[in-house]
Structures are given as C-alpha cells and as structure tokens.
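A quick write-up on the structure given underneath.
Note that the coordinates shown come from a computational prediction; the quantities given were computed from them, not determined experimentally. A, B, ... follow the sequence lines: proteins, then strands. Residue 1 opens every chain.
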There are 2 protein chains.
Amino acid sequence: MPELTLTGRVILGMLALGRNTGYDIKQFVDKTTRHFWAASYGQIYPELRRLEEQGLVRGRSEPIGSRARTVYELTDEGLAALRAWLASDVEPLYELRDEGMLKLFFSDALPERRVENIRAMRERDERTLAGLRALESHAQGGRPGPYSTLQLGIGMTQWFVDWCKEAEQRLSEPEGSN
Amino acid sequence: MPELTLTGRVILGMLALGRNTGYDIKQFVDKTTRHFWAASYGQIYPELRRLEEQGLVRGRSEPIGSRARTVYELTDEGLAALRAWLASDVEPLYELRDEGMLKLFFSDALPERRVENIRAMRERDERTLAGLRALESHAQGGRPGPYSTLQLGIGMTQWFVDWCKEAEQRLSEPEGSN
DNA sequence: AGGTGCATGTAACAGGTTACATGATTAA
DNA sequence: TTAATCATGTAACCTGTTACATGCACCT
C-alpha cells in the first residue's frame with residue numbers, strides 16, 4: 001500500500017459521506033470539519049488525482065450542460081483504506097495554534113489589556129458557537145458520527161465561553177489581584 | 001515599523017518572561033505554550049537574528065567556559081512592539097488540526113471502532129492533563145498570565161475527558177443507537 | 001569513560017495558503 | 001443584466017518540521 005496523507009483520508013471520508021465533486025467537498029469541509037480540519041482547493045484537487053492514481057477513488061466526467069464536472073466515488077480499495085485508518089492505533093495528530101491563548105499567557109506585559117483579550121477570545125468563540133448551533137438545527141436525522149462531533153464541539157465551546165465570562169467578571173472587580 | 005511574525009512575538013514575550021537564550025526559550029516553550037503554540041529551533045534561532053536586525057532585541061555573547069552562548073534581552077522598541085501586539089484588536093489567529101475529531105466525524109464508516117477512537121482521544125487528553133497538573137504544582141507563585149492560561153487549559157481538558165467518558169459509557173450500553 | 005544536558009545552527013523537505021485564471025449556470 | 005453560485009485548476013509563496021552536524025560542561 002502506498003502512502004496516504006491525512007488530507008487524502010479526509011477526502012475518502014467525505015466521499016463516504018456522499019460528497020462527490022472537489023467543489024462539493026470543499027463546501028462541506030468549510031461548513032463542518034473546518035473547526036478542527038480545514039482544506040483548500042490547492043490541496044483537494046491535486047489530492048483527488050493522486051487518490052485516483054492509487055486506485056482509491058474513481059472519477060467520472062459528468063458535465064452539467066457544458067460546465068465541466070467530475071464526480072468521484074470510493075472504490076472498494078478506497079473504502080478499505082478509510083476503514084484501515086479508522087481502525088489504526090497510531091497516535092492521532094493534534095496541532096493547535098491559538099493566538100488568543102498566547103496573548104493571555106503573555107498578558108503580564110500589559111495587564112490592563114488582559115480583560116480585553118479574554119473578551120476577544122470569548123467573542124470569537126461565541127461566533128463559533130452560533131455557527132455550530134445553526135448547523136445543529138439543520139442536522140436533524142444526521143449520521144451519528146458527524147452529529148456527536150458537533151455535540152462535542154458545542155459543549156467544549158460553551159465551556160470555554162463560560163470560563164471567559166467568569167474570568168472577565170473576576171478581573172473586573174477592583175479588589176484582589178489583576 | 002517592519003513586519004513582525006507571530007513567532008517573533010512569542011520570542012519577545014518569552015524574553016519579557018525572563019528567558020534569555022534560544023535554547024532556554026525552546027525548553028520553556030516545550031514545557032508551557034507547546035499545547036497551543038509550538039516552536040522549533042529552526043524557527044527560533046533565525047527569528048532571533050531577524051529581531052535583532054529590527055532592533056527589537058539585543059544579543060550579547062556570554063559564553064560559559066568555552067561553550068558559546070548568546071544572551072538576549074528586549075530593547076525598549078521590543079517591549080513596545082510586544083505591548084502593541086497585546087493591545088491590538090486584529091482578529092487573533094486560531095488553527096486546529098485534530099485527527100481524533102476527524103476519526104469521530106467519519107466513524108459511521110466503521111461504527112464498531114467508534115468507542116475505541118473516543119477512548120484514544122481521552123487517553124491522549126489524560127496524558128496532557130497529567131502534564132498540566134504537574135506544571136501547576138511547580139507553578140506556585142507564578143505570574144497571573146501564564147497561571148490563568150494553565151487553569152484554562154486544565155479546565156478545558158478535564159471537560160473534554162469527562163465528555164469522552166460519558167460517551168464511552170453511553171456507546172457501550174447495548175441498547176439504543178451505536 | 002560515558003551519558004545527559006546545554007547550546008547553536010542549517011539544509012532539505014513537507015504541507016498548506018493565497019492569488020490568480022477561467023468560464024458556465026441560475027436566480028434576482 | 002448582473003450578481004451569486006457552481007466548478008476546476010495551478011504557481012508562487014510562506015511557514016514550519018525533521019534530520020543532521022557540532023562541541024563543551026557536568027555528573028556519576
């Protein structure tokens with residue numbers, strides 16, 4: 001078996017969820033996994049080609065009118081590769097870069113902005129939360145996998161927002177340490 | 001004012017917290033901000049040079065015996081740049097790549113591994129949590145900024161671990177949907 | 001004498017984003 | 001008719017990691 005990138009696995013997963021064109025995959029990623037896994041056209045289209053070379057997906061030209069369009073589907077090997085990934089025990093990748101946390105971490109260099117920075121983080125997460133809740137209301141009868149991921153995302157984000165609110169209140173009281 | 005990268009700001013912040021060599025900064029990053037902001041020698045050393053060219057830091061050669069060593073400190077401009085960043089209102093960067101979430105998202109393609117994948121995420125976070133709690137016990141009398149970041153990290157991770165435990169139990173019961 | 005920690009550095013590589021280019025279809 | 005959406009694609013760029021190279025100091 002040749003190498004399979006993580007972006008490649010995402011594409012296999014998306015095809016398994018019924019997405020079929022590069023464009024469609026990108027739209028869906030932007031609506032859903034974007035929060036914990038983003039992807040750009042610059043990755044998706046070349047990767048679809050590589051996956052086809054590896055025999056994991058199959059593409060058919062299905063133009064709409066005279067607008068070019070390539071519809072992809074999983075091959076048996078592709079589904080097997082997706083399942084093999086889901087069943088594998090290798091330590092899953094985790095990478096986070098959060099400038100808001102960084103600002104909080106260094107906030108002793110400008111304590112009078114600490115509350116502001118926490119508020120900015122909270123507002124970012126409140127926007128995220130609103131987006132997730134909107135998704136939730138559209139996701140009636142969705143599949144368990146995506147749905148439980150959504151629930152987890154909502155719960156975590158809510159917890160974060162609540163922590164920020166508490167911290168903001170605590171820091172706004174004139175008494176005690178800043 | 002010339003461009004200032006995020007890695008550059010991290011370095012300024014680290015110098016403000018009393019770190020002084022490239023090596024020292026790297027060790028400290030690996031112990032603390034690593035969870036939400038990592039950095040490698042391949043970034044740190046070249047960036048220190050750039051910051052010096054920009055006049056934001058000042059480096060002095062202070063060998064120990066005959067072992068080369070360059071000690072850096074913030075210049076007034078460097079401190080001002082750090083503060084300007086902390087005071088700025090530009091939308092803070094946030095990037096996450098979490099393979100565990102991805103596996104959960106796609107888990108309908110292999111439902112019988114769903115609990116396993118959640119358990120793997122929980123174990124990862126329990127290791128993180130243990131590391132954070134160890135840090136906490138060493139951080140007596142630390143500065144408010146780093147300390148509250150640590151508290152936030154511990155709280156969030158604990159919440160995540162609890163969610164996983166609940167989900168694992170729910171999915172292990174034979175009745176209902178998987 | 002040897003292992004660990006302190007300390008600096010870079011070259012090759014991998015991964016991903018941005019900006020651009022192109023053009024058809026559909027809804028307002 | 002015009003804006004939004006569907007649809008595909010790439011080249012240049014940027015950022016960051018990995019692997020390697022080097023060597024002293026300190027402890028056992």
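- Look at CZ on A:R50: it is 12 Å from C1' on C:dG16, rounded to the nearest Å.
- A distance-only check finds a donor-acceptor pair linking the side chain of A:T75 to the backbone of A:L56 [under 3.5 Å].
- Between A:E91 and B:R127 a salt bridge is recorded (basic side-chain N to carboxylate O distance below 4.0 Å).
- Aromatic ring orientation, A:Y41 versus A:Y45: parallel (interplanar angle below 30°, classes split at 30° and 60°).
- When the P atom of C:dC6 is taken as reference, atom CG of B:N20 falls 13 Å away, rounded to whole Å.
- Between B:L96 atom CG and C:dG15 atom P there is a gap of 18 Å when expressed in whole angstrom units.
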#### Entry: A:K26 vs A:T21, side-chain contact (heavy atoms from CB on, under 4.5 Å): CA-CA, chis, key distance, verdict
CA-CA 9 Å; A:K26 166 70 168 153; A:T21 69; over 6 Å; no
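- Of the charged side-chain nitrogens involved, at least one lies within less than 4.0 Å of a carboxylate oxygen, so that A:R50 and A:E47 count as a salt-bridged pair.
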### Query
Could you write nucleotides 8-24 of chain D as a row of B, S and -, 5' to 3', where a protein heavy atom under 4.0 Å of any base atom gives B, of only sugar-phosphate atoms gives S, and otherwise -?
BBB-----SBB----BB
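- The CD atom of A:E62 sits 17 Å away from the C1' atom of C:dT25 (whole-angstrom rounding).
- Taking atom CD1 on A:I11 and atom P on C:dG16, their separation rounds to 11 Å, with Å as the unit.
- In this structure, CD of A:E47 is placed 16 Å from C1' of C:dT17, rounded to the nearest angstrom.
- A side-chain contact (heavy atoms from CB on, under 4.5 Å) with B:R133 is found for one member of B:I154, B:L150, B:T128 and no other, namely B:I154.
- Between A:Q27 atom CD and D:dT5 atom C1' there is a gap of 9 Å when expressed in whole angstrom units.
- Across the protein-nucleic acid pair, A:I44 atom CD1 and C:dG15 atom P stand 16 Å apart, rounded to whole Å.
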